[in-house]
Number of protein chains: 2
Amino acid sequence: MIDREFFLGFIKIHILYHAVKGPIYGADIAAELARHGYTISPGTLYPTLHRLSREGYLESETRVVEGKMRKYYRATGEGKRLLAASRRKIAELVAEVMEGI
Amino acid sequence: MIDREFFLGFIKIHILYHAVKGPIYGADIAAELARHGYTISPGTLYPTLHRLSREGYLESETRVVEGKMRKYYRATGEGKRLLAASRRKIAELVAEVMEGI
DNA sequence: TTACCGATATTGCTGGACGATATTATAGTA
DNA sequence: TACTATAATATCGTCCAGCAATATCGGTAA
């Protein structure tokens with residue numbers, strides 16, 4: 001389905017947004033996205049988190065919660081800047097594509 | 001750069017939007033996108049137009065203008081529906097990510 | 001020490017991204 | 001009727017992301 005190409009970026013912006021709001025972990029964000037009608041498979045989610053970390057937008061910390069290992073991610077300063085840039089691009093997209101709606 | 005992953009979908013929504021507004025052709029839409037600060041290489045643009053056509057969102061017609069061949073694309077009914085769906089998703093994204101801005 | 005569980009990590013395949021290059025179709029010129 | 005120039009489309013090769021399925025990990029409890 002080609003519409004996946006349209007919206008996968010939206011999912012990534014969601015992830016970054018939540019990582020700015022507070023610490024998130026993989027399974028948690030997957031459930032949050034599902035609440036918004038998005039699905040993301042582990043084979044996409046975890047490599048994406050790793051990539052965002054490798055590029056300096058997220059930082060992670062491992063914690064044990066109820067005997068289960070969780071890797072919490074938070075946005076770095078760079079991550080916050082990327083979210084701000086994303087918001088500007090969204091505003092531009094809205095101005096262009098939503099005109100007269 | 002990972003932010004390309006964030007915004008390539010935006011570009012595709014732009015393309016669809018312009019194809020709903022009126023006929024477009026490849027080189028034209030590339031210039032239009034450049035005006036908005038986006039770049040798309042021919043190796044991405046043309047396969048994308050083909051894919052959108054193959055999936056029934058665009059239909060094309062070849063015309064000769066000033067001795068140059070142009071392939072004009074217009075959105076089909078399906079394409080219009082996909083744009084409408086895109087607008088709904090954008091609205092959702094705005095509601096989620098732009099809160100308190 | 002083992003069985004289990006939630007969570008993360010990885011693998012193999014498919015297909016998109018993209019810069020570079022080739023191809024196409026016509027107009028203009030002689 | 002060639003030849004050239006030009007603008008646009010099409011394709012090629014390489015790299016890397018998407019993803020479902022599977023494996024692995026870390027810790028608890030029996």
Side-chain angles (χ1 to χ4, degrees), chain A residues 1-16 18-19 23-35 37-55 57-74 82, chain B residues 1-16 18-19 22-35 37-55 57-74 82 89:
Chain A
M1 291 293 145
I2 200 170
D3 66 312
R4 186 73 179 171
E5 294 176 29
F6 280 46
F7 304 122
L8 194 54
F10 288 24
I11 291 179
K12 292 177 183 177
I13 293 173
H14 261 283
I15 292 173
L16 182 60
H18 283 290
I24 57 169
Y25 63 98
D28 172 54
I29 194 73
E32 170 68 19
L33 288 168
R35 238 170 279 135
Y38 291 112
T39 60
I40 186 168
S41 72
T44 301
L45 175 59
Y46 290 105
T48 297
L49 290 171
H50 298 166
R51 214 155 53 244
L52 284 166
S53 299
R54 175 156 40 82
E55 309 245 345
Y57 299 110
L58 298 180
E59 57 191 6
S60 66
E61 174 201 357
T62 301
R63 289 187 229 159
V64 175
V65 178
E66 292 170 9
K68 303 303 173 318
M69 199 198 63
R70 289 182 186 170
K71 210 156 167 183
Y72 281 89
Y73 292 88
R74 290 202 320 268
L82 180 55
Chain B
M1 292 292 145
I2 200 170
D3 67 312
R4 186 74 180 170
E5 295 177 27
F6 279 47
F7 304 122
L8 193 54
F10 287 25
I11 292 180
K12 293 177 184 177
I13 292 173
H14 261 282
I15 292 173
L16 181 60
H18 284 289
I24 58 169
Y25 63 97
D28 170 54
I29 194 73
E32 169 67 20
L33 287 167
R35 239 170 278 135
Y38 290 112
T39 60
I40 187 168
S41 73
T44 301
L45 174 58
Y46 289 104
T48 297
L49 291 171
H50 298 167
R51 216 156 49 246
L52 284 166
S53 299
R54 175 156 40 83
E55 310 245 346
Y57 299 111
L58 299 180
E59 58 192 4
S60 66
E61 173 201 358
T62 301
R63 289 186 229 160
V64 176
V65 178
E66 290 168 12
K68 302 304 173 315
M69 199 198 64
R70 290 182 184 171
K71 210 156 166 182
Y72 281 89
Y73 291 88
R74 291 201 320 267
L82 180 56
K89 296 258 195 194

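Below, all heavy atoms of this structure are taken into account, side chains as well, without hydrogens, waters or symmetry copies. Residue numbers start from 1 in every chain, and the chains themselves are labelled A, B, ... in the order their sequence lines are given, proteins ahead of strands.
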B:His18 and B:His14 aromatic ring geometry - parallel, tilted or perpendicular at 30°/60° bounds: parallel
Using whole Å, what does the distance between atom C1' of nucleotide D:dA10 and atom CG of B:Leu49 come to? 12 Å
So which nucleotide from C:dA17, D:dT9, C:dT10 ends up closest to the side chain of A:Pro47? C:dT10
Reported CD-to-CD1 distance for the pair B:Glu32 and B:Ile15, which is rounded to 0.5 angstrom: 11.0 Å
Tell me the interatomic distance from B:Ile2, atom CD1, to C:dA17, atom P, rounded to whole angstroms. 15 Å
Would you confirm whether the ring centroid of A:Phe6 sits within less than 6.0 angstrom of the ring centroid of B:Tyr57? no
Output the rounded distance in Å from CD1 (B:Ile40) to P (C:dG16). 14 Å
Value in whole Å for how far the C1' atom of C:dG6 lies from CD1 of A:Ile29: 17 Å
State, to 0.1 Å, how close B:Ala19 and B:Leu58 come at their nearest heavy-atom pair, and which atoms those are. CB-CD2, 3.6 Å
B:Glu5 CD - D:dC19 C1' separation (whole Å): 14 Å
May I have the distance from A:Phe7 (atom CZ) to D:dG18 (atom P), rounded to whole angstrom? 16 Å
Among B:Thr48, B:Ile24, B:Ile40, which residue meets the side chain to side chain contact (heavy atoms under 4.5 Å, CB included) test with B:Ile29? B:Ile24
Is the shortest side-chain N/O distance from B:Tyr25 to OP1 or OP2 of D:dA8 below 4.0 Å? yes
Would you say a side-chain N or O of A:Ser41 is under 4.0 Å from OP1 or OP2 of D:dC19? no
So if I take every side-chain heavy atom of B:His50 and compare against D:dT9, C:dA9, D:dA10, which nucleotide ends up nearest? D:dA10
Proximity to DNA chain C (any heavy atom under 4.0 Å), residues of residues 61-74 of chain B only: B:Val64, B:Gly67, B:Met69
Take atom CG of A:Asp3 and atom C1' of C:dG16, then tell me their distance rounded to the nearest Å. 15 Å
Under 4.0 Å from OP1 or OP2 of D:dC16: is there any side-chain N or O of B:Arg4 that close? no
Please walk me through it: do A:Met69 and A:Arg63 pass side-chain contact (heavy atoms from CB on, under 4.5 Å)? CA-CA 6 Å; A:Met69 199 198 63; A:Arg63 289 187 229 159; over 6 Å; no
Separation of D:dC16 C1' from B:Met1 CE (nearest whole Å): 15 Å
Show the nearest heavy-atom pair for residues B:Leu49 and B:Gly26, with the distance to one decimal. CD1-CA, 4.1 Å
Would you tell me if any nitrogen or oxygen in the side chain of A:Tyr46 comes within less than 4.0 Å of OP1 or OP2 on C:dA9? no
Within the 4.0 Å heavy-atom criterion, would you say A:Leu45 contacts the bases, only the backbone, or no part of the nucleic acid? nothing
